[in-house]
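Reading through the structure tokens given below for one structure.
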Amino acid sequence: MLKVASWNVNSLRVRLEHVLQWLDAEQPDILALQEIKLTDENLPARDIEAAGYTVLSNGQKTYNGVAILSRGPGEVLATGFPGYDDPQRRVLCAAYGDTAVLNLYVPNGSEVGSDKYTYKLQWLERLEAYTRDLLKDYPRCVLVGDFNIAPADEDVHDPEAWHGKVLCSEPERAAFARLLDTGLSDCFRLFPRDEKLYTWWDYRAAGFRRNRGLRIDHILASPALRDVCRDCRIDIEPRRLERPSDHAPILAEFDL
DNA sequence: ATGGTAGTTCAACTA
């Protein structure tokens, strides 16, 4: 069994205890983290190792930064997209045996029509191209992370209020659909749901208390992994903790 | 077209 998880922790320094607690409870093989907001030198490597994990990272001070914690050793394949020079540390691709894990912190986009929104759409084009190449080399492949896209209205607490807004706009959803067109499956949607479930709730206006959320964190699996995906769920418990991240972890299990 | 909160860093930016 391969258990893969993803969590935007919004500062690993602040959330370290939550992460260690969660690793102990869930024991995933892989935990991809986004928005660690730490440089590689400042990672709490000893705490992570004491928990029984090794870490690969593409860190950055103040903003962004991604890392992958794993039970077994991995090998870095990429820390960005080939030919796309980007000072923002949002990508970490690593191989664990014959399985590739692509950890992503997709740009937020700020506001439809803004420079940041243009950057987001361009970034997503690069991601699609890189994903096509990766799938050729690694039939067993997962894309995980904070995609900052709610793929459909069923992923949004109030679709009317969010209609056309950043995270939900048609161009973003089209980019997400093109990513799935490379052959990937949204693991969460492999299983029927009777209620809307979310991975992110705005800190403002009591978003979590009122369950005003969006499903913007995803685990996308290549055909070989999708065929053996036996579960995918969102764990909202860490969002209830004192001083939580604004995101909840998502995890998937594969029969391998 | 603004506010609400949080993290980093210390006035402002990002989300």
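A, B, ... follow the sequence lines: proteins, then strands. Residue 1 opens every chain. The analysis underlying the following values was restricted to heavy atoms, covering all of them including side chains, and did not include hydrogens, waters or symmetry mates.
Distance A/Tyr119 OH to B/dT14 P: 12 Å, rounded to the nearest Å. Note: NE2 (A/His18) to P (B/dA6) measures 13 Å, nearest angstrom. Rounded to whole Å, the distance from CZ on A/Arg13 to P on B/dA6 is 19 Å. The distance from atom CD of A/Gln60 to atom P of B/dC13 is 17 Å, rounded to the nearest whole Å. A/Asp202 places its CG atom 10 Å from the P atom of B/dT5, with the value rounded to the nearest Å. Note: NZ (A/Lys37) to C1' (B/dT8) measures 7 Å, nearest angstrom. The distance from atom CH2 of A/Trp162 to atom C1' of B/dA15 is 11 Å, rounded to the nearest whole Å. The nearest whole Å value for the distance from the OH atom in A/Tyr63 to the C1' atom in B/dA15 is 10 Å.
Taking every side-chain heavy atom of A/Tyr203 into account, B/dA6 is the closest of B/dA15, B/dC13, B/dA6. Residue A/Val14 places its side chain closer to B/dT8 than to any other of B/dT14, B/dT8, B/dA15. Of the candidate nucleotides B/dA6, B/dT8, B/dG4, B/dG4 has the atom lying nearest to any side-chain atom of A/Arg204.
A/Thr62 has no side-chain polar atom (N or O) that falls below the 4.0 Å cut-off from OP1 or OP2 of B/dC13. Between A/Arg15 and the phosphate of B/dG7, there is a side-chain N or O to OP1/OP2 separation shorter than 4.0 Å.
Once rounded to the nearest 0.5 Å, the distance linking CD of A/Glu128 with OG1 of A/Thr182 reads 7.0 Å.
When each of A/Arg90 and A/Leu12 is assigned the nucleotide of DNA chain B with its nearest heavy atom, A/Leu12 is the one assigned upstream, toward the 5' end. In this structure, A/Ser11 and A/Tyr105 both approach DNA chain B, and ranking their closest nucleotides by distance from the 5' end singles out A/Ser11.
In this structure, A/Arg240 pairs ionically with A/Glu237, as a charged nitrogen and a carboxylate oxygen lie closer than 4.0 Å. A salt bridge is absent between A/Asp29 and A/Lys3; no separation between the charged side-chain nitrogens and carboxylate oxygens falls under 4.0 Å.
In this structure, A/Arg239 reaches neither bases nor backbone, as no heavy-atom distance under 4.0 Å exists between it and the strands shown.
Within residues 109-118 of chain A, the residues that place at least one heavy atom under 4.0 Å from DNA chain B are, in residue-number order, A/Lys116. Near DNA chain B, meaning a heavy atom under 4.0 Å from it, residues 205-217 of chain A has A/Ala205 in order of number. Listed in residue order, the members of residues 163-174 of chain A having a heavy atom less than 4.0 Å from DNA chain B come to none.
Across all their heavy atoms, A/Cys141 and A/Leu134 have their closest contact at SG-CD2, 3.5 Å.
B/dC10 and B/dT14: their C1' atoms are spaced 15 Å apart (whole Å). Remark: the separation of the C1' atoms in B/dA1 and B/dA11 is 23 Å, to the nearest Å. Of the C1' atoms belonging to B/dA15 and B/dG3, the separation is 15 Å, rounded to the nearest Å. Using P as the reference atom, B/dT9 and B/dC13 are 15 Å apart when rounded to the nearest Å.
Side-chain atoms of A/His247 and A/Ile234, non-hydrogen and from C-beta on, never get closer than 4.5 Å to each other. Side-chain contact check for A/Asp246 versus A/Phe208: every heavy-atom pair is 4.5 Å or farther apart.
Shown are A/Asn103, A/Asn8, A/Asn10, A/Asn64; of these, the side chain to side chain donor-acceptor pair (under 3.5 Å) with A/Gln34 is made only by A/Asn103. The side-chain contact (heavy atoms from CB on, under 4.5 Å) test with A/Phe176 is passed by exactly one of A/Asp181, A/Ile149, A/Leu124, A/Val106: A/Ile149.
Between the side chains of A/Asp217 and A/Thr199, at least one donor N or O lies within less than 3.5 Å of an accepting N or O. For the residue pair A/Asp115 / A/Thr118, no side-chain donor-acceptor distance below 3.5 Å is found, with atom types taken as modelled.
The side-chain tip of A/Arg193 points at the ring of A/Phe188 from less than 6.0 angstrom away and within 45° of straight on. Note that A/Arg126 lies outside the cation-pi zone of A/Phe81, set by a 6.0 Å cut-off to the ring centre and a 45° limit from the axis.
Checked by atom type and distance alone, the side chain of A/Ser114 pairs as donor or acceptor with a backbone atom of A/Gly109 at under 3.5 Å.
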